[in-house]
Amino acid sequence: MKREAPIVLAGIVGLIQILEHFFDFEAIAAVTVELQNWVIIVSAFSLALAAINLAINHTQKISAKKAGAFDSALLLITMVFTAVAGIFWGMESSGFKFVFNAIIDPAASAFYAMAAFHVASAAYRAFRAHNAHAAALLITGVMLMIAKAPIGEAWFPWMPTITNWIMSVLNLAGVRGIMISSAIGMICVSARILLGIDRSHLGLGRD
Amino acid sequence: MLIEGRVAGLVFTLITIGTMLYGINKAKSKLPNVRRIAGLEAIDEAVGRATEMGKAVFCTPGWADITTSTAGATFAALDIVGHIARLTARYDTRLVVAVSYPNVYPLAEQTVQQAYLVEGKREKYDQDMVRFTSSEQYAYAAAVLGMIQREKVAACVFVGQFASEAVDFAEAAVAVGSIAIAGTTSTYQLPFFAAACDYTLIGEELLTAGAYISKDTARLGSVHGQDLAKLIAFGVMLLGAILCTLNINVVVDLLSK
């Protein structure tokens, strides 16, 4: 019963969501809205659980004086400050906005900028012609880079025609193949879970 | 009343579920053969390497939750997390799992805890193994990079849905000399993983991971059914392409209904 109840519940709720996607029934739409509100409530509980885990892990780190204890203290202080600012002063308050505008946004921008260096480093390792596949990758990669650069088009006016064909025929065919097979896979994974065939998320294995 | 423009979607969903159920039924008499997936085979090797080196194994089920269209990838990732947890429990290897979304956290915790229980190592399970980070993309990414750097892990497994942080993760793994295994259904991030990681699970390879690892009859059967659905989709595409070339738009019209 402990195992069957969540499976039956998931199956019913999943079926309602699927029906709402394909059919235009007012009654189903109303139930779906209600269920989506429940999702928000359940998510709030899981957020509390996750926040407790975060607080326990970092408190343990501080009390054990492990490396990075200062960072953990900083994390806990900002976490409490953001929560207090949001709950008591409101999400429009200057204190709450400060956390996003002065800490999160600049840090996120800096992090995003780092991706450029990581792409360069990954490309350096990938673009080594150690076999036929890697050589093909190297050649097409270099061609695309040349075609995308303004000077490349000036030097080789025919290059964009070739690279556009590579992108719109070869690349797109590959991408669509992956997307279609992934979509079918997603339907099967979801159906397995909703029908109770796949119960791994409730523990391990089917039984 | 059926919503206009979604009829073809409903028909194909029903066909896919039908082929899946057929595959499951057929598997009861004859187990389908699933081709070798190098990325999944490499997980055992990566955990073994970490064990020999006395270092930790790191994994993350991606930056996505279970209430969106990418839920399938997250559930498949949790299957892999469970498999890794069983291996680390068996070999007494340290495990670190970073979770981004709050609603994935209880599932990840349950999966790892169950894995240790199944291996008879319940006492070895530590609450510090499954760590919630943040659902903010770069806060999560920074936390993951920090964990990889600090723990000096010997194996990194990035599975699930990822965005631009994918390349940062792969490079962080390379920087600490770790084996990097990645898997995603996101076609935007696959090239980064393929370029930077040692092994990559491409699209549906990730989604069949649970069946491949568990060797469960029903799940393997569903993979066979999945392949039948793909064959049907391929047939429709081929027919559509031929008819479109002949200026007959029957398939296109049917699919847009």
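So you know, we letter chains A, B, ... as the sequences are listed, proteins then strands, and number each from 1.
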- Under 4.5 Å between any side-chain heavy atoms of A/Cys188 and B/Thr16, yes or no? yes
- Task: Starting at CG of A/Leu47, measure out to OH of B/Tyr101 and round the result to the nearest 0.5 Å.
- Result: 12.0 Å
- Please examine the side chains of B/Met20 and A/Ile197, heavy atoms only from C-beta on, and report whether any two atoms are closer than 4.5 Å. yes
- Message: I need the B/Met129 CE to A/Asn57 CG distance, nearest 0.5 Å.
- Response: 12.0 Å
- Please tell me if the side chains of B/Tyr105 and A/Ser46 come closer than 4.5 Å, counting only heavy atoms from C-beta onward. no
- List the steps and the verdict of side-chain contact (heavy atoms from CB on, under 4.5 Å) for B/Leu145 and A/Phe111. CA-CA 11 Å; B/Leu145 258 59; A/Phe111 204 94; 3.6 Å; yes
- Message: Among B/Leu78, B/Val174, B/Thr70, B/Val223, which residue has the highest count of heavy-atom pairs closer than 4.5 Å to chain A?
- Response: B/Val174
- Does B/Arg6 reach the main-chain N or O of A/His21 with its side chain, forming a donor-acceptor pair under 3.5 Å? yes
- Item | B/Glu204 side chain reached by A/Ile178 side chain, heavy atoms, under 4.5 Å | no
- Under 4.5 Å to a heavy atom of chain A? For B/Ala73 that would be both
- Message: Does any backbone or side-chain atom of B/Ser135 lie under 4.5 Å from a heavy atom of chain A? Answer side chain, backbone, both or neither.
- Response: neither
- Flag side-chain contact, heavy atom, 4.5 Å: A/Ile187 against B/Gln226: no
- Kindly indicate whether the side chain of A/Val119, heavy atoms from C-beta on, has any atom under 4.5 Å from the side chain of B/Phe192. yes
- Item | Interchain contact, B/Leu117 with chain A, by part (heavy-atom threshold 4.5 Å) | neither
- Item | Segment of B/Ala139 engaging chain A (4.5 angstrom heavy-atom cut-off) | neither
- When B/Asp168, B/Asn103, B/Ile24 are compared by non-hydrogen pairs under 4.5 Å with chain A, the top option: B/Asp168
- Message: With chain A as the partner, which of B/Ile66, B/Leu107, B/Thr13, B/Asp65 has the greatest number of non-hydrogen pairs under 4.5 Å?
- Response: B/Thr13
- For B/Leu206, is it the side chain, the backbone, both, or neither that has a heavy atom closer than 4.5 Å to a heavy atom of chain A? neither
- Minimal heavy-atom distance between B/Gly72 and A/Met186, with the atoms involved, is CA-SD, 3.7 Å
- Item | N/O donor-acceptor pair under 3.5 Å between A/Asp24 side chain and B/Leu2 backbone | no
- Query: Of the backbone (N, CA, C, O) and the side chain (C-beta and beyond), which part of A/Ile104 lies under 4.5 Å from a heavy atom of chain B, both, or neither?
  - Reply: side chain
- Value rounded to 0.5 Å, distance of CD1 in A/Ile184 from CG in B/Leu231: 9.5 Å
- Task: With a 4.5 angstrom heavy-atom cut-off, could you sort out which part of B/Thr19 is near chain A: side chain, backbone, both or neither?
- Result: neither
- Sequence neighbours excluded - salt bridge (charged side-chain N to carboxylate O under 4.0 Å, His left out) pairs with any residue from residues 73-101 of chain A: A/Glu92-A/Lys97
- Message: Between B/Arg219 and A/Asp198, does the side-chain contact (heavy atoms from CB on, under 4.5 Å) criterion hold? Intermediate values first, please.
- Response: CA-CA 7 Å; B/Arg219 291 166 91 181; A/Asp198 194 336; 3.2 Å; yes
- Message: Less than 4.5 Å to any heavy atom of chain B: does that hold for the side chain of A/Ile193, its backbone, both, or neither?
- Response: side chain
- Item | Distance in Å, A/His118 NE2 paired with B/Ser164 OG, rounded so as to fall on 0.5 Å steps | 12.0 Å
- Step by step, work out the side-chain contact (heavy atoms from CB on, under 4.5 Å) result for B/Ile3 and A/Glu20. CA-CA 9 Å; B/Ile3 297 174; A/Glu20 196 269 339; over 6 Å; no
- Query: How about A/Leu49 and B/Phe132: do any of their side-chain heavy atoms sit closer than 4.5 Å?
  - Reply: no
- Residue pairs meeting side-chain hydrogen bond (donor to acceptor under 3.5 Å, both in side chains), one or both in residues 182-197 of chain B, sequence neighbours left out, come to B/Gln161-B/Thr185
- Message: Is B/Phe12 close to chain A through its backbone or its side chain, or both, or neither, when contacts mean heavy atoms under 4.5 Å?
- Response: side chain
- Item | Nearest-0.5 Å distance that lies between atom CZ in A/Phe25 and atom CE in B/Met1 | 8.0 Å
- Message: Taking the side chain as everything from C-beta on, heavy atoms only, tell me whether B/Glu136 gets closer than 4.5 Å to A/Phe100.
- Response: yes
- Under 4.5 Å from a heavy atom of chain A, the part of B/Val130 involved: backbone
